[in-house]
Colleague: 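Can you keep this structure in mind? I'll have questions shortly.
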Amino acid sequence: MTDAIPRLGAVILTYNSTHDFSHCLAGLVTQRGADLRVIVVDNASRAENRTIMEGEFLEAVPSGVVVEAAQATPALLDEYTAVFVRNDNNTGYSAGNNIGARLAVGFGCEAVLIVNPDVQISNPDYLATLWSQMRTNPQCLVGSSRVVNLQGGDVHPLREIGFWEDVLWIRQYGPRRFRPKPYVCTPTGILPIEAEKLHGSCMMIRSSFLVETGYLDENVFLYSEEPILAARVRAANGRMFVFPSLKAIHAHVASTKGNSSHRMLQFIESRLYFYETYTDYGRIRMAALRTSYRLLGLLHRLKAKFSRANGYPICK
């Protein structure tokens with residue numbers, strides 16, 4: 001490994017991701033300018049879906065290897081440039097990504113790209129360029145490119161929500177003039193933009209930061225990973241940037257995720273954990289947030305009950 005050829009890792013966390021996986025993998029295996037290791041961690045997909053993804057993986061990387069989670073060690077990356085890890089326990093976003101991140105860091109990667117299977121990268125110099133831009137600023141602990149959805153809209157940089165905005169979530173259902181301002185601060189130009197938060201679908205994290213902070217916080221199964229990571233970056237006196245000269249596509253289709261009520265209940269649980277652990281809100285503010293979220297949860301439980309009663313599918 002030299003300064004000219006950085007050693008990098010890329011972690012794809014899958015869960016029944018047969019629709020997207022091959023496109024994401026194709027964009028990574030064509031990367032150049034880096035000593036890259038691609039690590040796929042499958043979070044307990046159904047057997048038939050895992051079989052499909054393993055076949056796509058070995059077709060894209062014939063020299064890759066498929067292993068059980070207990071057999072996955074950094075030493076494998078000395079022999080293979082790509083590893084598919086069968087994780088038979090769906091432990092959530094952070095815990096699943098940590099399996100791959102620990103392999104990459106243990107192998108000596110300078111940074112790790114956390115990338116969702118529904119992200120498409122077409123630029124073969126994407127990873128090498130992103131890391132080159134990050135490492136010119138030692139304070140940049142987490143970085144990303146522009147990430148746009150299928151309609152061409154940017155998904156970050158994101159602003160953090162304030163206390164009153166979160167307590168008064170009901171405003172988003174009211175007249176437009178009372179709704180919160182947009183969460184995305186749309187980037188302009190090509191100069192780096194400092195971000196309060198980055199979208200978790202595609203971001204590069206310094207390995208040294210992962211080690212120093214004990215990797216991603218595994219206390220949330222799903223949701224609120226972005227504000228948690230942002231809080232940890234701030235606590236480490238670091239910064240987060242979007243580098244708009246690069247672009248990735250987040251081909252996310254919300255309708256494929258099932259009924260939203262179950263997911264909203266999971267979000268509420270994770271969001272309250274974030275506030276309790278990573279903010280200095282006192283008892284009064286936390287009581288207000290819990291009361292407000294309790295009402296939001298009640299509304300979504302009623303929605304879920306109505307959906308079941310009318311034969312609509314509920315996300316499990």
Side-chain angles (χ1 to χ4, degrees), residues 92-95 114 139-144 147 149 153-187 193-201 203 205 209 212-242 250 252 254 257 260-304:
Y93 172 92
S94 295
I114 302 295
Q139 278 193 301
C140 180
L141 302 182
V142 186
S144 185
V147 180
N149 57 33
D154 288 272
V155 303
H156 68 195
L158 292 159
R159 66 176 182 85
E160 184 51 82
I161 300 171
F163 168 76
W164 286 110
E165 185 175 342
D166 221 358
V167 168
L168 301 175
W169 53 263
I170 198 168
R171 289 192 308 158
Q172 64 187 294
Y173 299 107
R176 185 174 299 276
R177 67 178 180 276
F178 295 126
R179 294 177 190 174
K181 65 181 181 180
Y183 301 120
V184 177
C185 309
T186 303
I193 301 167
E194 187 165 4
E196 289 186 36
K197 288 192 301 186
L198 294 176
H199 199 271
S201 61
M203 57 186 179
I205 308 176
F209 172 67
E212 289 165 7
T213 56
Y215 293 81
L216 303 177
D217 187 334
E218 298 183 7
N219 287 294
V220 291
F221 180 83
L222 192 64
Y223 304 118
S224 289
E225 300 92 353
E226 291 101 335
I228 288 172
L229 181 61
R232 294 181 127 198
V233 168
R234 289 192 296 271
N237 295 315
R239 303 166 76 183
M240 309 173 80
F241 285 92
V242 170
H250 186 211
H252 176 75
K257 303 300 182 181
S260 64
S261 294
H262 181 82
R263 290 181 284 124
M264 178 57 74
L265 296 176
Q266 181 67 64
F267 166 80
I268 290 171
E269 180 181 336
S270 298
R271 187 71 180 173
L272 287 174
Y273 168 80
F274 160 69
Y275 280 129
E276 291 165 352
T277 308
Y278 291 98
T279 72
D280 58 358
Y281 290 168
R283 287 182 299 174
I284 294 176
R285 285 192 172 190
M286 285 306 306
L289 283 165
R290 290 191 191 97
T291 300
S292 180
Y293 273 136
R294 194 175 296 120
L295 176 58
L296 180 60
L298 175 61
L299 291 176
H300 279 275
R301 286 187 179 90
L302 291 172
K303 179 181 177 183

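Heavy atoms only: backbone and side chains are in, while hydrogens, waters and symmetry mates are out.
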Colleague: Under the side-chain contact (heavy atoms from CB on, under 4.5 Å) rule, what do Leu141 and Ile205 come out as? Steps first, then yes or no, please.
Modeller: CA-CA 6 Å; Leu141 302 182; Ile205 308 176; over 6 Å; no

Colleague: Indicate yes or no for a side-chain donor-acceptor contact from Ser94 to the backbone of Asp217 under 3.5 Å, with no hydrogens or angles considered.
Modeller: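 Such a contact is found between Ser94 side chain and Asp217 backbone.
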
Colleague: Within the 4.5 Å heavy-atom criterion, are Ser224 and Phe267 side-chain neighbours or not?
Modeller: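 Ser224 vs Phe267: side chains touch.
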
Colleague: Which pairs count as salt bridge (charged side-chain N to carboxylate O under 4.0 Å, His left out) when at least one residue sits in residues 282-296, sequence neighbours excluded?
Modeller: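 Applying salt bridge (charged side-chain N to carboxylate O under 4.0 Å, His left out) to every pair that reaches into residues 282-296, excluding sequence neighbours, yields Glu276-Arg290.
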
Colleague: Rounded to the nearest 0.5 Å, how far does CD of Glu194 lie from CD of Gln139?
Modeller: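 Output value for this atom pair is 8.0 Å.
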
Colleague: Going by heavy atoms in the side chains, are Tyr183 and Glu165 under 4.5 Å from each other?
Modeller: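 They are in side-chain contact.
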
Colleague: With rounding to the nearest 0.5 angstrom, report the CZ to CD distance, Phe274 to Glu226.
Modeller: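 The distance works out to 11.0 Å.
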
Colleague: Can you find a heavy atom in the side chain of Ile228 that is under 4.5 Å from one in the side chain of Val220?
Modeller: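 Answer yes - side chains close enough.
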
Colleague: Would you indicate whether the side-chain heavy atoms of Ser201 and His252 approach each other to under 4.5 Å?
Modeller: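 Counting from C-beta outward, His252 and Ser201 never come under 4.5 Å.
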
Colleague: Within a reach of under 6.0 Å around CD1 of Ile170, are more than 12 heavy atoms found that belong to other residues, nucleotides or ligands?
Modeller: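 Counting neighbours around CD1 of Ile170, 12 or fewer heavy atoms of other residues, nucleotides or ligands fall under 6.0 Å, so no.
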
Colleague: Give me the one residue out of Tyr273, Tyr223, Tyr293 that meets side chain to side chain contact (heavy atoms under 4.5 Å, CB included) with Ile268.
Modeller: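 With Ile268 as partner, Tyr273, Tyr223, Tyr293 yield a single side chain to side chain contact (heavy atoms under 4.5 Å, CB included), made by Tyr293.
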
Colleague: Can you tell me how far apart NE2 (His250) and CG (Asp154) are? Round to the nearest 0.5 Å.
Modeller: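 His250 atom NE2 to Asp154 atom CG measures 13.5 Å (nearest 0.5 Å).
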
Colleague: Tell me if the centroids of the rings in Tyr281 and Phe163 come within less than 6.0 Å of each other.
Modeller: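 Yes, the ring of Tyr281 comes within the 6.0 Å limit of the ring of Phe163, centre to centre.
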
Colleague: Verify, without hydrogens or angle tests, whether Trp169 (side chain) and Leu296 (backbone) share a donor-acceptor contact under 3.5 angstrom.
Modeller: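 No: the side chain of Trp169 does not pair with the backbone of Leu296.
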
Colleague: Any donor-acceptor pair under 3.5 Å linking the side chain of Ser292 with the backbone of Ala288?
Modeller: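 No, the answer is negative, given that no donor and acceptor are paired below the 3.5 Å cut-off.
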
Colleague: Might you point out which heavy atoms bring Pro180 and Arg171 nearest each other, and give the distance in Å?
Modeller: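 Of all heavy-atom pairs spanning Pro180 and Arg171, the closest is CG-NH2, 3.9 Å.
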
Colleague: Atom OG in Ser144, atom NE2 in His156: separation rounded to 0.5 Å?
Modeller: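 If I round to the nearest 0.5 Å, the distance is 3.5 Å.
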
Colleague: Quick check against the 3.5 Å criterion: does Arg232 have a side-chain atom that pairs as donor or acceptor with the backbone of Pro227?
Modeller: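 No: the side chain of Arg232 does not pair with the backbone of Pro227.
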
Colleague: Between Leu222 and Gln266, is the side-chain contact (heavy atoms from CB on, under 4.5 Å) condition met? List the steps.
Modeller: CA-CA 7 Å; Leu222 192 64; Gln266 181 67 64; 4.2 Å; yes

Colleague: Would a 4.5 Å heavy-atom cut-off, applied to side chains only, mark Val184 and Leu158 as touching?
Modeller: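 Counting from C-beta outward, Val184 and Leu158 do come under 4.5 Å.
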
Colleague: Evaluate the side-chain proximity of Arg234 to Arg239: yes if any heavy-atom separation is below 4.5 Å, no if none is.
Modeller: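 Not in contact.
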
Colleague: Any side-chain heavy atom of Phe241 within less than 4.5 Å of one from Leu198?
Modeller: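 A side-chain contact under 4.5 Å is absent here.
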
Colleague: Applying side-chain contact (heavy atoms from CB on, under 4.5 Å), run through Met240 and Lys197 and close with a yes or a no.
Modeller: CA-CA 7 Å; Met240 309 173 80; Lys197 288 192 301 186; 5.7 Å; no

Colleague: Answer yes or no: does atom CD1 of Ile284 have more than 12 heavy-atom neighbours from other residues, nucleotides or ligands under 6.0 Å?
Modeller: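 No, the 6.0 Å shell around CD1 holds no more than 12 heavy atoms from other groups.
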
Colleague: Any chance you could lay out the salt bridge (Lys or Arg N to Asp or Glu O under 4.0 Å) test for Glu160 and Arg271, step after step, and finish with the verdict?
Modeller: CA-CA 12 Å; Glu160 184 51 82; Arg271 187 71 180 173; 3.0 Å; yes

